[in-house]
Amino acid sequence: MRRVLSVLAAVVVAVAVWEGYKAVGNPDGTVLFGTRVLPRADDLSMPHVWDMLRRLGRPELTGGRPVWQVVLAAAAFTLGITAAGFAVGAVVGLLLAVAMQRFRIVERGLLPYVILSQTVPLVALAPLVAGWSGNLSLGPYPWADWMTVAVIAAYLSFFPVAVGMLRGLQSPQASGVELMRSYAAGWWRTLVKLRLPASLPYLFPALRLAGAAAVVGAVVGEISTGTRGGIGRLVIEYSREATSDPAKVYTAMLGAALLGLVVAGLVSLLELPLMRHRRRVSVVTM
């Protein structure tokens with residue numbers, strides 16, 4: 001309940017800031033030393049929030065479905081791709097973290113490249129991945145466009161999991177590790193009984209970051225590869241009407257924001273039972 005109230009409070013604050021700046025901001029934007037540092041506050045650049053909400057209820061095209069149905073369907077399509085990319089990225093990140101914790105030489109040799117991988121611009125990477133995947137197939141199944149988008153989402157999501165999980169696996173105190181050694185526990189038993197439970201407070205914040213990164217990767221991947229049916233393609237299609245129907249552009253952006261909230265909420269639902277079990281075990285142990 002506290003998290004739900006926090007999300008609602010954040011939405012209220014965002015709406016208040018948007019409308020407040022629109023009320024007092026310069027319609028032509030704020031220019032400092034010849035550079036625009038604040039956006040234009042006119043109706044074309046910043047529609048009112050209630051105009052965006054009203055646009056959700058009107059048809060996308062004459063005689064067509066309401067915009068909210070189109071945005072919801074596109075968000076659901078992108079959610080499926082995001083889930084696939086997030087799952088692959090999380091598994092890869094976990095395996096890398098375990099390998100780097102187990103072998104110090106792997107951590108020294110691999111961690112710099114893991115960090116370096118995130119410096120590649122996504123808009124430059126997406127066309128390359130699309131070009132490589134055009135020659136791939138999964139047995140009798142041809143490589144689909146959504147798989148390319150899922151790979152891009154996995155590329156962005158594995159990094160927070162790898163770094164956060166590595167920190168969590170290294171978090172147990174030396175006394176705890178020595179206690180496991182005194183019990184003649186091997187590396188695997190120490191990992192399962194000590195390191196994995198200790199890593200949970202580090203893992204779930206990393207998973208939330210990975211979920212947000214997967215959403216960004218999926219949306220940008222859809223835009224870069226031209227994948228139809230998702231929220232990224234919807235942003236491109238609606239942006240063509242920015243001059244005549246500016247509120248319509250922001251409905252697609254609201255769908256992308258809602259998608260990020262849904263992914264973060266799903267990760268939080270996974271966190272609740274595991275963290276509650278961890279606290280229960282800690283209390284019993286004490």
Side-chain angles (χ1 to χ4, degrees), residues 3-62 64-75 78 82 118-127 152 156 208-209 211-226 230-265:
R3 292 182 179 178
V4 172
L5 293 177
S6 299
V7 171
L8 293 178
V11 171
V12 171
V13 170
V15 171
V17 171
W18 181 278
E19 291 296 333
Y21 176 74
K22 183 171 176 58
V24 303
N26 190 338
D28 295 326
T30 302
V31 179
L32 184 63
F33 301 113
T35 302
R36 182 177 287 108
V37 295
L38 291 177
R40 295 183 177 92
D42 59 338
D43 292 336
L44 185 61
S45 302
M46 293 184 63
H48 288 288
V49 174
W50 49 84
D51 289 335
M52 303 178 204
L53 297 178
R54 196 160 40 232
R55 188 63 182 89
L56 285 170
R58 296 203 299 266
E60 180 191 27
L61 301 172
T62 303
R65 293 185 298 168
V67 171
W68 71 267
Q69 292 184 6
V70 179
V71 171
L72 191 61
T78 305
T82 300
Q118 302 302 298
T119 63
V120 179
L122 189 59
V123 293
L125 179 67
I152 297 171
L156 285 187
R208 282 192 289 271
L209 290 176
V215 171
V216 173
V219 172
V220 176
E222 289 174 349
I223 293 174
S224 301
T225 60
I231 199 71
R233 190 64 183 178
L234 208 62
V235 171
I236 295 297
E237 293 177 355
Y238 285 2
S239 64
R240 297 171 183 169
E241 305 177 37
T243 303
S244 60
D245 195 356
K248 188 176 181 180
V249 180
Y250 285 93
T251 59
M253 297 181 184
L254 290 175
L258 177 63
L259 180 61
L261 292 176
V262 169
V263 172

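All heavy atoms count here, side chains included; hydrogens, waters and symmetry mates do not. The structure displayed is predicted, hence computed values, not measured ones. The first residue of the sequence shown is numbered 1, and numbering continues consecutively from there.
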* **CH2/W18: more than 12 non-hydrogen atoms of other groups inside 6.0 Å** => yes

* Asked: By side chain to side chain contact (heavy atoms under 4.5 Å, CB included), which residues pair with V249, not counting sequence neighbours?
  -> A242, M253

* To do: Using the test side chain to side chain contact (heavy atoms under 4.5 Å, CB included), find all partners of E19 that sit at least two apart in sequence or belong to another chain.
  => V15, K22, H48, V49, W50

Heavy-atom pair of closest approach, residues [X] and [Y]:
| X | Y | answer |
| --- | --- | --- |
| Y238 | A252 | CD2-CB, 3.8 Å |
| P47 | Y250 | CD-CE1, 3.3 Å |
| P246 | D43 | CG-O, 3.9 Å |
| R40 | P27 | CB-O, 3.2 Å |
| P66 | G57 | CB-O, 4.0 Å |
| A247 | R55 | CB-CB, 4.1 Å |

* Structure fact -> Across all chains, not counting sequence neighbours, the salt bridge (charged side-chain N to carboxylate O under 4.0 Å, His left out) partners of D42 are none

* To do: Go through the structure and list residues passing salt bridge (charged side-chain N to carboxylate O under 4.0 Å, His left out) with D51, not counting sequence neighbours.
  => R54

* Could you walk me through whether V67 and R58 pass the side chain to side chain contact (heavy atoms under 4.5 Å, CB included) check? -> CA-CA 6 Å; V67 171; R58 296 203 299 266; 5.6 Å; no

* Asked: Between the main-chain N or O of A41 and the side-chain N or O of S45, is there a donor-acceptor pair closer than 3.5 Å?
  -> no

* Please walk me through it: do R65 and E60 pass side chain to side chain contact (heavy atoms under 4.5 Å, CB included)? -> CA-CA 6 Å; R65 293 185 298 168; E60 180 191 27; 5.7 Å; no

* **Rounded distance [0.5 Å steps], CG in D245 versus OG in S239** => 12.0 Å

* At what distance, to the nearest 0.5 angstrom, does CG of L254 lie from CG of L261? -> 10.5 Å

* Asked: Who are the side chain to side chain donor-acceptor pair (under 3.5 Å) partners of Q69, not counting sequence neighbours?
  -> none

* Asked: Under 4.5 Å between any side-chain heavy atoms of M46 and Y21, yes or no?
  -> yes

Quick one: side chains of residues 213-222, donor-acceptor pairs under 3.5 Å with protein atoms, not counting sequence neighbours, listed by atom name and distance.
residue	atom	partner	partner atom	Å
E222	OE1	T78	OG1	3.3
E222	OE1	I231	N	3.3
E222	OE1	G232	N	2.8
E222	OE2	T78	OG1	3.0

* Asked: Just one of I223, V71, T251 clears the side chain to side chain contact (heavy atoms under 4.5 Å, CB included) bar with L234, so which one?
  -> V71

